[in-house]
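Presented below is the structure to which this report refers.
Indexing begins at 1, ligand by ligand and atom by atom, following the structure's order.
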Amino acid sequence: MKRYILGILWVSTVMISSCYYDNEETLYPQVRTCVTDSMSYAGDILPILDNSCLSCHSAAANQGGVTIEGYTSVKTYVDNDLLLKSIKHESGVSPMPKNADQLDSCTIAKVEAWILQGALNN
Ligand code: HEC
């Protein structure tokens, strides 16, 4: 009986401590894969710009003389390569978002994929 109880204690200790590592990323790395198929301007890109850029680059804010509010304005910065270069922190271009962490790699991949898919107003 004593052995049995010790056994249960041991098993539950192991189970509880193993939970420490039970986060999605270590257990299921594939859950974190970045989906970049069929990017949509309205559904994927606009929310990124809204969250990270438009506080400074709305038509009203226009910081640095850069407006990326509205598809036509965004397309201008796609066509002159500055949008992608700025978020990828490429040399010769001011790194964006200014004074903040670089966007995470999946977010950057989404913007890049949308551009490669034709930067459609979709
Ligand atoms: C806190 C304000 C702020 C935020 C947020 C911000 N920018 Fe800027 N951005 C600026 C300023 C100011 C400039 C002018 C250049 C400079 O001062 O570095 C600029 C310049 C730029 C330029 C021109 C770069 C060049 O070298 O010609 C682009 C493109 C740009 N931003 C895109 C973005 C994008 C895309 C985001 C979001 C991911 C973003 N910015 C977020 C303030 C901001």
Check: Has ligand 1 got any nitrogen or oxygen that is less than 3.5 angstrom from a nitrogen or oxygen of K98?
Finding: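 Indeed, backbone or side chain, K98 has an N or O that close.
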Notebook entry, point to check: Does an N or O from S94, backbone or side chain, lie closer than 3.5 Å to an N or O of ligand 1?
Noted result: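 Yes, since at least one N or O of S94 sits under 3.5 Å from an N or O of ligand 1.
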What atoms of ligand 1 come within less than 4.0 Å of a heavy atom belonging to [X]?
{"X": "I87", "answer": "35 (C), 38 (C)"}
{"X": "L82", "answer": "27 (O), 29 (C)"}
{"X": "V93", "answer": "24 (C), 25 (C), 26 (O)"}
{"X": "L83", "answer": "35 (C)"}
{"X": "G64", "answer": "13 (C), 14 (C)"}

Do [X] and [Y] come within less than 4.5 Å of each other through their side chains, counting heavy atoms only?
{"X": "L120", "Y": "Y41", "value": "no"}
{"X": "I108", "Y": "Q102", "value": "yes"}
{"X": "V66", "Y": "Y77", "value": "yes"}
{"X": "V111", "Y": "I45", "value": "yes"}

Grab the two heavy atoms, one from [X] and one from [Y], that are nearest each other, plus how far apart they are.
{"X": "T67", "Y": "A59", "value": "CG2-CA, 3.6 Å"}
{"X": "N122", "Y": "M39", "value": "ND2-O, 2.9 Å"}
{"X": "S55", "Y": "A61", "value": "O-CB, 3.5 Å"}

Checklist line | Per atom 34 (C) of ligand 1, closest listed option by heavy atom (C53, S52, P97) | finding: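 Answer by nearest heavy atom: C53.
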Check: Are V66 and ligand 1 in contact, using a heavy-atom cut-off of under 4.0 Å?
Finding: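 Heavy atoms of V66 do come under 4.0 Å of ligand 1.
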Check: Has Q63 got an N/O/S atom less than 2.8 Å from atom 8 (Fe) of ligand 1?
Finding: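 No, outside the cut-off.
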Structural part of [X] in contact with ligand 1, heavy atom criterion under 4.0 angstrom:
{"X": "H57", "result": "side chain"}
{"X": "N99", "result": "neither"}
{"X": "S86", "result": "side chain"}

Check: Considering only the protein, which heavy-atom contact is closest to atom 33 (C) of ligand 1, and what is its distance?
Finding: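 I find the closest protein heavy atom is M96 CG, 3.3 Å.
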Notebook entry, point to check: What's the shortest distance from atom 2 (C) of ligand 1 to any protein heavy atom, and which residue and atom give it?
Noted result: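 Answer, as residue, atom name and distance: C56 SG, 1.8 Å.
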Note to self: Within a 6.0 Å radius of atom CG on D101, are there more than 12 heavy atoms belonging to other residues, nucleotides or ligands?
What the structure shows: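 Result for CG/D101: open.
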Notebook entry, point to check: Sub-3.5 Å donor-acceptor pair from the side chain of Q117 to the main-chain atoms of T36, do we have one?
Noted result: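 Between the backbone of T36 and the side chain of Q117 there is a qualifying donor-acceptor contact (under 3.5 Å).
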Margin query: Is there a path of hydrophobic side-chain contacts, each under 4.5 Å between heavy atoms of I/L/V/M/F/W/Y residues, joining M96 to L54?
Written below: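 Hydrophobic grouping puts L54 apart from M96.
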